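A short worksheet on the structure shown next.
Note that the structure is predicted; figures quoted are calculated from it, not measured.
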Amino acid sequence: MSYHPVPTVRRRRLGSTLRKLRTEAGMTLDAAAQALNAAQRGRTGARRWSAPKLSRIENANATIRAAEVATLLEAYAISDSEVRAALERLAKDAGKRGWWQTYRGVVAPAYADYISLESDAESVRDFAPLVVPGLLQTPDYARETIAANAVARSEAEVAALAEVRLARQAVLTRPHAPLRLWAVIHEAALHRRFSGRPAIMAEQLRRLLDVADWPTVTLQVMPIDAAPNPGDAGAFTIVGFPGPMPDVVTQENLRGPVYVEGVGDVNVFADAFDHIVDSALSTEETKALIAGLLGKRAPHREHLKSAREPA
């Protein structure tokens with residue numbers, strides 16, 4: 001399996017953000033390049049800039065140093081320290097090797113790009129109609145679902161991919177700014193059966209009940225009897241970032257994630273997620289339903305339904 005070591009999604013995010021800031025500043029590519037050259041005049045090792053070179057950076061076809069990003073932001077009159085720090089850090093990390101590259105023999109480039117997005121993100125909004133989101137899966141659930149979809153993979157590759165999925169979950173408990181996760185899971189996914197191994201789903205349900213009380217996790221279930229809503233179109237994930245960097249949407253298929261990066265297109269998914277949230281059970285109703293599936297207490301469907309109806 002071929003692998004490219006550069007996380008191109010980071011380059012695209014940096015380039016598109018720099019283009020947006022330049023446009024908002026009312027500067028052409030030529031003017032921006034001239035400003036960069038003027039600011040760097042006399043500096044040892046400074047590169048000569050041109051409009052084509054800056055265009056290649058904005059289109060993710062070339063790299064830019066963190067110090068050069070800082071100079072550009074000065075030219076664009078960007079004084080917000082958080083914005084400047086976020087973009088300089090993104091420039092530093094554009095070619096950074098992440099922990100997931102240890103698994104480059106089994107992790108496809110598109111998946112590696114997604115993991116780099118997730119590791120940089122401050123929030124994830126996930127609609128999961130068929131399976132529990134990867135960030136919330138237990139080890140056995142992860143192995144079983146990966147094995148079912150990776151039919152051409154060896155047992156060793158399935159085990160490695162399960163390790164990667166579980167390692168990704170560290171973003172939820174990282175010491176500095178843990179990822180905020182809002183997941184809506186369709187009730188049908190919670191009735192999944194693993195032939196001869198009912199304990200797998202029971203353990204997974206207990207895991208969901210546990211994380212449902214975490215302050216950084218919002219968990220909702222889309223009930224089977226919900227009215228038609230945008231979630232009927234399928235699964236998607238919205239990955240959100242700090243500062244001026246735009247959100248990114250991913251949609252998963254058997255070949256890996258597909259990215260949606262245009263602001264207008266991303267907003268379509270954001271609006272859809274809001275409607276999905278409105279159609280789903282509340283967080284408390286969700287915990288009651290999951291507990292009922294575990295046999296702790298029976299979920300009263302008529303009660304849940306009436307609770308969602310306006311007075």
Side-chain donor or acceptor of Tyr259 paired with backbone N/O of Ala110 under 3.5 Å = yes
Here the gap from His191 atom NE2 to Leu205 atom CG, rounded to the nearest 0.5 Å, amounts to 9.0 Å
To the nearest 0.5 Å, atom CE of Met222 lies from atom OG1 of Thr286 at 10.0 Å
Problem - Residues Asn61, Arg11; criterion side chain to side chain contact (heavy atoms under 4.5 Å, CB included); working and verdict - result: CA-CA 8 Å; Asn61 294 318; Arg11 278 191 185 177; over 6 Å; no
Residue pairs meeting side-chain hydrogen bond (donor to acceptor under 3.5 Å, both in side chains), one or both in residues 234-250, sequence neighbours left out, come to Arg125-Asp247, Asp126-Thr237
Can you check whether Arg143's main-chain N or O pairs, donor with acceptor, with Arg165's side chain at less than 3.5 Å?
no
Here the gap from Arg84 atom CZ to Ser79 atom OG, rounded to the nearest 0.5 Å, amounts to 8.0 Å
All heavy atoms of Gly234 vs all of Phe127, minimum pair found to be O-CD2, 3.5 Å
| said: Using modelled atom types and a 3.5 Å cut-off, is there a donor and acceptor pairing between side-chain atoms of Gln204 and backbone atoms of Ala142? | reply: no
Heavy-atom closest pair (Arg22 atom, Met27 atom, distance to 0.1 Å) is NH1-O, 2.9 Å
For Ile185 and Ala189, the nearest pair of non-hydrogen atoms, with its separation, is CG2-CB, 3.8 Å
Here the pair of heavy atoms bringing Ala112 nearest to Trp100 is O-NE1, 3.6 Å
**Prompt:** Within the distance-only criterion (no hydrogens, no angle test), does the side chain of Thr71 pair as donor or acceptor with the backbone N or O of Leu36 below 3.5 angstrom?
**Reply:** no
For Glu122 and Arg174, the nearest pair of non-hydrogen atoms, with its separation, is CA-NH2, 4.3 Å
Legend entry - Leu29/Glu58 under side chain to side chain contact (heavy atoms under 4.5 Å, CB included): CA gap, chis, key distance, verdict: CA-CA 10 Å; Leu29 284 168; Glu58 292 184 353; 3.6 Å; yes
Any link between Ile290 and Trp214 through a network of hydrophobic side chains (Ile, Leu, Val, Met, Phe, Trp, Tyr) touching at under 4.5 Å?
yes
Self-check item: Student check: side-chain heavy atoms of Thr23 and Lys20 closer than 4.5 Å
Solution: no
Minimal heavy-atom distance between Ala280 and Gln220, with the atoms involved, is CB-NE2, 3.8 Å
**OP:** Taking Asp210 for its side chain and Arg206 for its backbone only, find out whether a donor-acceptor pair lies under 3.5 Å.
**Re:** no
message: Between Lys53 (side chain only) and Ala62 (backbone N and O only), is there a donor and an acceptor less than 3.5 Å apart?
response: no
Would the distance check show the side chain of Asn229 and the main-chain N or O of Gly231 forming a donor-acceptor pair, the cut-off being under 3.5 Å? yes
| said: Is there a continuous path of hydrophobic side-chain contacts, each under 4.5 Å between heavy atoms, that joins Tyr114 to Leu90? | reply: yes
Taken to the nearest 0.5 Å, the spacing of Leu208 CG from Gln137 CD works out to 9.5 Å
Is there a side-chain contact between Ile57 and Glu68, using heavy atoms and a 4.5 Å cut-off?
no
Report task. Kindly say whether the aromatic ring centers of Phe194 and Tyr141 come within a distance under 6.0 Å. Result -> yes
* Asked: So do the side chains of Leu136 and Leu172 get within less than 4.5 Å of each other, counting heavy atoms only?
  -> yes
Check your understanding: Sub-3.5 Å donor-acceptor pair from the side chain of Glu157 to the main-chain atoms of Val106, do we have one?
Key -> no
Measure the shortest side-chain to side-chain distance between Leu117 and Phe241 over non-hydrogen atoms and say whether it is less than 4.5 angstrom. yes
CG (Leu18) and CG (Leu14) are apart, to the nearest 0.5 Å, by 4.5 Å
(message) A side-chain contact here means heavy atoms from C-beta on lying under 4.5 Å apart; do Asp140 and Arg197 qualify?
(response) yes
Here the gap from Ser50 atom OG to Arg56 atom CZ, rounded to the nearest 0.5 Å, amounts to 6.0 Å
| query | Are Leu293 and Met201 in one and the same hydrophobic cluster, where Ile, Leu, Val, Met, Phe, Trp and Tyr link if side-chain heavy atoms are under 4.5 Å apart? | reply | yes
*Is a donor on one side and an acceptor on the other found under 3.5 Å between the side chain of Thr17 and the backbone of Arg13?*
yes
Tested for side chain to side chain contact (heavy atoms under 4.5 Å, CB included) against Trp182, the lone hit among Val124, Thr218, Leu219 is Thr218
Checklist entry - Does the side chain to side chain contact (heavy atoms under 4.5 Å, CB included) test come out yes or no for Leu135 and Arg168, once each step is laid out? => result CA-CA 7 Å; Leu135 289 177; Arg168 285 171 42 207; 4.2 Å; yes
Residue set satisfying ring pair (Phe, Tyr, Trp, His ring centres under 6.0 Å) with Phe269, at least two apart, ordered chain then number -> Phe236
Please tell me if the side chains of Ile78 and Leu87 come closer than 4.5 Å, counting only heavy atoms from C-beta onward. no
Apart from Leu166 itself, members of its ILVMFWY cluster (side-chain separation under 4.5 Å) are none
Discussion item. I'd like to check Glu261 versus Val266 (side-chain heavy atoms, cut-off strictly below 4.5 Å). Are they in contact?
Written reply: no
Verdict with reasoning, Lys287 to Leu209, per side chain to side chain contact (heavy atoms under 4.5 Å, CB included): CA-CA 6 Å; Lys287 287 189 285 187; Leu209 274 182; 4.1 Å; yes
_Do Val131 and Ile238 land in one hydrophobic cluster if side-chain heavy atoms of ILVMFWY residues count as linked below 4.5 Å?_
no
- Same cluster or not: are Tyr111 and Val158 linked, directly or through other Ile, Leu, Val, Met, Phe, Trp or Tyr residues, by side-chain heavy atoms under 4.5 angstrom apart? yes
Check: Leu179 and Thr216 side chains under 4.5 Å, non-hydrogen atoms
no
